[in-house]
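The residues of the chain are indexed from 1 along the displayed sequence.
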Amino acid sequence: QVQLVESGGGSVQSGGSLRLSCTVSTFSYNRYCMGWFRQAPGKEREGLAAIDEDGGSKYAESVNGRFTISRDNANNILYLQMNRLKPEDTAMYYCAIDGPRWADSGSLRSAEYNYWGQGTQVTVSS
């Protein structure tokens, strides 16, 4: 059974940084896109960034230039480096795996992923 565990969330002030990690429990999964999503109270889940097995990446406009996605295939870890955080970045952040083959616009749709973590909370204060 595939399990994903996110870590690295917390509370920071506006302009600060956080690095999220997502550890996958098994090597037995499709090595296609891995992605990060977030959901704020009362809002729909938003795709933030995706990375394919070849290292190609796709970002949402809301985080492009501030967030960086990376993956460590040898150790089954997905990362999200978040810089210049804003109060509107406050949300529960989720990682997902077994997505589409390439990191294109479709890779930011939550319906394209088959396995999800439980989430880690990020709170940014002004």
Atom [atom1] of [X] and atom [atom2] of [Y]: how far apart are they, to the nearest 0.5 Å?
X	Y	atom1	atom2	value
T90	L85	OG1	CG	8.5 Å
D104	R109	CG	CZ	8.0 Å
T120	W36	OG1	CH2	7.5 Å
L80	E6	CG	CD	11.0 Å
M92	R45	CE	CZ	9.5 Å
M34	S57	CE	OG	14.0 Å

*Sequence neighbours excluded, which residues qualify as ring pair (Phe, Tyr, Trp, His ring centres under 6.0 Å) partners of Y113?*
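F37.
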*Does a side-chain N-to-carboxylate-O contact under 4.0 Å join R38 and E46?*
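E46 and R38: salt-bridged.
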*Any Lys/Arg nitrogen of D89 or R66 sitting under 4.0 Å from an Asp/Glu carboxylate oxygen of the other?*
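The answer is yes: the pair qualifies as a salt bridge.
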*Is the NZ or CZ atom of R71 positioned over Y79's six-membered ring, under 6.0 angstrom from the centre and within 45° of the axis?*
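Verdict for Y79: no cation-pi partner in R71.
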For [X], give me all partners under side chain to side chain contact (heavy atoms under 4.5 Å, CB included), at least two apart in sequence or on another chain.
X	result
S11	T123
V2	L4, V24, T26, Y29, I97, Y115
A103	C33, D52, K58, S107
S17	Q81, N83

*Stepwise salt bridge (charged side-chain N to carboxylate O under 4.0 Å, His left out) check, R101 with D54*: CA-CA 10 Å; R101 176 65 180 90; D54 298 334; 3.7 Å; yes
*Hydrophobic cluster membership, V122 vs W116, 4.5 Å side-chain cutoff*: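 As far as the 4.5 Å side-chain criterion goes, W116 and V122 are not connected within one cluster.
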*asked:* Assigning hydrophobic clusters by single linkage (Ile, Leu, Val, Met, Phe, Trp, Tyr; side-chain heavy-atom cutoff under 4.5 Å), is L108 placed with Y32?
replied: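 No; tracing contacts between hydrophobic side chains, which count when under 4.5 Å, never links both residues.
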*Would you please classify the geometry between the F67 ring and the Y93 ring as parallel, tilted or perpendicular, with 30° and 60° separating the classes?*
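Y93 and F67: tilted rings.
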[X] (side chain) donor-acceptor with [Y] (main chain) under 3.5 angstrom:
X	Y	result
S14	S126	no
N75	I77	no
D98	N114	no

*CD of E88: more than 12 outside heavy atoms within 6.0 angstrom?*
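Buried by this count: over 12 neighbours within 6.0 Å.
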_Tell me which pairs pass disulfide bond (SG atoms under 2.5 Å apart) where either residue lies in residues 80-126, with sequence neighbours left out._
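As it turns out, the disulfide bond (SG atoms under 2.5 Å apart) pairs with a partner in residues 80-126, which skip direct neighbours, are C22-C95.
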*Taking it one step at a time, do S110 and Y94 satisfy side chain to side chain contact (heavy atoms under 4.5 Å, CB included)?*
CA-CA 10 Å; S110 58; Y94 300 90; over 6 Å; no
_Validation row: L20, M82 side chains within 4.5 angstrom (heavy atoms)_ =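 Yes, at least one pair of side-chain atoms sits under 4.5 Å.
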